[in-house]
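A short write-up of the structure that comes next.
Just so it is clear: chains get the letters A, B, ... in the order the sequence lines come, proteins before strands, and each one is counted from 1. Small disclaimer: the values here were computed from a predicted structure and weren't measured.
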Amino acid sequence: MRTPSLRGLALTANNGSIAVDIQHLSVGYSNGVIALDDVSAQLPSGAICAVLGANGGGKSTLCKALMGIQRPHRGSVRLFGGAVNRMLKRNTIAYVPQSDDIDWDFPVSVQDVVMMGRQGQMNWLRIPSRDDKRRVAQSLERVGMQAVARRQIGELSGGQKKRVFIARALAQHARLMLLDEPFTGVDMTTENDLLDILREERNAGTTIMVVTHNLSSVPDYSDQVMMLNRRVIACGPTAHTFTATHLGNTFGGVVNELLKVTGAVAGEGNVAMSRSQLPEYPQ
Amino acid sequence: MSVLLDPFAYSFMVRGFWVATLIGVTCGLLSCFVILKGWSLLGDALSHAVVPGVVVSHLMAWPLVVGAFISGMLAAVGIGGLRKLSGLKGDTSIGIMFTAFFAVGMLLISAFPSMLSLTTILFGNLLGIAPHDALQLLVISLFCIGVIALRWKDLLLFTFDEQQTIGQGLSVRGLQLLMLALIALVAVAALQAVGAILVMAMLITPGATAFLLTRRFPAMLLYAALLGGGLAFGGVYLSYFLDVSAGGVVVLLQFIVFFPILLCSPRGMGWLCSARGGVR
């Protein structure tokens with residue numbers, strides 16, 4: 001029986017070009033905290049890559065660097081061969097924010113939010129074209145949200161809230177989709193629907209980065225993993241990289257303890273972990 | 001009956017009416033963005049930070065708006081820079097910068113006492129606005145209304161989600177500057193009407209009331225403009241009969257309208273009025 005991750009690996013191998021190229025990236029903040037230290041990694045295009053790390057491991061900083069918000073002290077990030085700021089102007093990144101980052105009282109409807117995924121590609125007055133409206137309708141349908149399209153975003157359930165922003169990213173139709181903790185506070189149905197959509201998008205050629213500290217189902221959906229703990233602990237195909245040793249180095253003692261409790265093989269570094277062995281990483 | 005039309009018999013009152021209404025509408029529109037962005041304090045800061053610019057403009061015989069705009073933008077840049085350099089919280093940086101600017105303004109006023117009275121700056125003089133100043137306010141207001149009419153969707157995106165703004169290839173810094181510039185311009189206009197102390201109310205209350213009334217942004221803009229304009233008009237009208245400061249009445253009216261809406265709105269304390277009870 002072929003596991004999902006092996007299928008993903010085969011797809012990755014067919015697609016040679018580099019989507020995200022990070023070279024010796026170091027980022028520090030004015031309070032002296034060094035968030036990323038000499039990070040180098042390459043992510044292939046047309047793959048789902050899980051970026052794993054504990055809180056404070058540099059995940060958010062990496063997102064900021066990818067979006068050009070955080071200027072690197074050293075090193076560089078290139079997206080599909082171009083500099084970040086140049087590529088952002090060319091509809092390169094569709095960003096799906098954490099639910100906590102959104103003001104849910106904001107007076108916009110589901111449809112308004114999804115239409116924001118088209119805004120950069122509209123005319124100067126930002127009047128939606130027929131194509132924009134069609135893409136918004138299609139995206140809403142794919143996430144199963146047509147029925148609530150006119151609701152104010154605060155009137156949605158936790159799972160629906162996630163779906164709105166997935167729909168916005170789908171409507172944007174960018175080359176790289178960047179999701180920040182997409183599975184937090186989401187029920188199983190939504191998680192499975194979401195993973196199906198991500199796989200469809202991947203198969204259509206979109207590069208997908210899932211930034212998360214939640215280890216469950218990582219081997220199910222990801223083709224690549226990148227583990228961060230200020231430095232890159234490991235980066236590569238999930239089948240070879242998602243190992244107990246690497247997880248231990250990424251998350252520190254917590255995971256090692258949990259692995260012992262759950263009876264998993266904490267010491268053997270060469271065995272990729274299956275889903276049943278995985279502990280829930282405490283938030 | 002004719003008593004009720006009395007205020008319209010004086011040219012200074014008529015001028016006061018349309019100037020106040022126009023400023024009310026402009027402030028109302030902008031207040032929607034200000035309150036949703038959480039920039040209330042920044043709006044207040046800019047309305048005080050324009051004061052030294054107003055005084056310098058008076059001294060140099062420039063149009064008021066030029067100096068005011070420059071000092072407002074300097075303060076905005078100063079606030080951003082201070083925050084970045086010091087790592088202090090945003091409201092601390094705002095507090096340090098705008099009080100410093102306002103203090104410079106007060107110093108200048110006291111050093112050149114004949115030029116401009118402190119009372120006018122602090123409390124405005126809606127009914128004493130000279131015709132050429134009124135023309136200036138007309139230009140400022142129409143410009144701001146025009147910019148909002150053309151760019152409201154980008155400003156809305158910037159207000160709602162900065163990361164998405166970047167993802168759409170738009171300039172967050174550009175939109176931030178645009179919004180600061182609009183606030184500084186409107187602050188100068190409103191300063192002449194209601195004075196530096198009450199500009200804040202003009203830039204917040206109409207938007208806050210409109211927020212309670214609707215869950216759709218275009219409707220919020222409309223309500224805020226109607227409230228801002230209508231209550232400014234009403235305030236000037238009432239002030240004639242009450243024989244009190246027009247600016248004070250305008251702002252008090254805004255609060256008087258805000259409060260019952262807060263009690264009845266589904267967003268506010270609607271459960272008090274709703275038969276079903278409970279907030280959704």
Side-chain angles (χ1 to χ4, degrees), chain A residues 29-33 60 63-64 66-69 84-98 101-109 111-128 150-155 165 168-169 171-172 174 176-178 180, chain B residues 32-33 35-38 81-89 146-176 207-224 265-268 279-280:
Chain A
Y29 290 103
S30 54
N31 57 9
V33 171
S60 331
C63 284
K64 285 182 189 166
L66 286 173
M67 304 279 296
I69 301 170
V84 169
N85 285 328
R86 197 163 62 90
M87 295 311 282
L88 281 170
K89 303 255 180 267
R90 298 187 185 178
N91 192 32
T92 304
I93 296 188
Y95 180 74
V96 179
Q98 289 189 41
D101 292 347
I102 297 299
D103 174 5
W104 296 103
D105 288 326
F106 208 92
V108 284
S109 69
Q111 197 169 341
D112 294 338
V113 171
V114 179
M115 193 58 91
M116 286 176 184
R118 303 294 310 159
Q119 196 154 330
Q121 297 163 70
M122 289 179 196
N123 61 18
W124 193 73
L125 284 176
R126 311 298 184 205
I127 296 165
R150 300 199 169 275
R151 281 210 198 149
Q152 192 266 334
I153 52 172
E155 299 166 2
F165 286 88
R168 182 175 78 175
Q172 186 177 340
L176 174 68
M177 203 163 151
L178 179 58
D180 198 353
Chain B
C32 295
F33 297 97
I35 68 150
L36 288 173
K37 187 77 190 157
L82 184 63
R83 189 173 166 184
K84 216 165 197 175
L85 285 176
S86 66
L88 286 168
K89 293 250 187 316
V147 169
I148 292 173
L150 293 174
R151 301 317 296 154
W152 71 271
K153 283 195 175 173
D154 281 2
L155 287 170
L156 179 67
L157 178 60
F158 164 73
T159 306
F160 178 59
D161 188 344
E162 288 192 15
Q163 271 164 321
Q164 178 69 2
T165 312
I166 295 168
Q168 290 295 306
L170 307 179
S171 161
V172 164
R173 190 160 296 175
L175 287 164
Q176 198 173 356
T209 312
F211 175 82
L212 294 174
L213 286 171
T214 177
R215 286 159 195 271
R216 305 271 304 151
F217 188 75
M220 181 174 165
L221 279 178
L222 179 70
Y223 290 150
S265 129
R267 274 220 154 126
V279 187
R280 265 195 299 173

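- With a threshold of 4.5 angstrom between heavy atoms, A:Tyr29 does not approach chain B through any atom at all.
- Taking CZ from B:Arg151 and CG from A:Leu125, the interatomic distance works out to 7.0 Å, rounded to the nearest 0.5 Å.
- Chosen from B:Val172, B:Ile166, B:Thr165, the residue pairing most often with chain A at heavy-atom distances under 4.5 Å is B:Ile166.
- Proximity to chain B is limited to the backbone of A:Arg118, based on heavy atoms less than 4.5 angstrom apart.
- Taking each heavy atom of B:Gln164 and A:Tyr95 in turn, the nearest pair found is OE1-O, 4.0 Å.
- Around the CZ atom of A:Phe106, the shell of radius 6.0 Å holds more than 12 heavy atoms that belong to other residues, nucleotides or ligands.
- Contacts with chain B were tallied for A:Gln119, A:Arg151, A:Met122; A:Gln119 has the most, counting heavy-atom pairs under 4.5 Å.
- Put simply, CG on A:Asp112 and CZ on B:Arg215 are 13.5 Å apart, with the number rounded to the nearest 0.5 Å.
- For B:Thr159, the parts sitting under 4.5 Å from any heavy atom of chain A are the backbone and the side chain alike.
- The two residues B:Met220 and A:Pro107 have their closest heavy-atom pair at SD-CG, 3.7 Å.
- Between the NZ atom of B:Lys153 and the CZ atom of A:Arg126 there is a distance of 9.5 Å, given to the nearest 0.5 Å.
- Looking at A:Ile69, only its side chain comes within 4.5 Å of chain B, counting heavy atoms on both sides.
- The shortest heavy-atom contact between A:Asp105 and B:Phe211 is O-CE1, 3.5 Å.
- Of the listed residues B:Leu170, B:Leu150, B:Thr214, the one with more heavy-atom pairs under 4.5 angstrom with chain A than any other is B:Leu150.
- Proximity to chain B is absent for every atom of A:Val96, based on heavy atoms less than 4.5 angstrom apart.
- Interatomic distance, A:Leu88 CG to B:Ser171 OG, rounded to the nearest 0.5 Å: 11.5 Å.
- Here the closest heavy-atom approach between residue A:Gly120 and residue B:Gln168 is recorded as N-OE1, 2.6 Å.
- A:Ile102 contributes atom CD1, which lies 8.5 Å from atom CD of B:Gln163 (distance to the nearest 0.5 angstrom).
- Neither the backbone nor the side chain of A:Leu178 has a heavy atom closer than 4.5 Å to any heavy atom of chain B.
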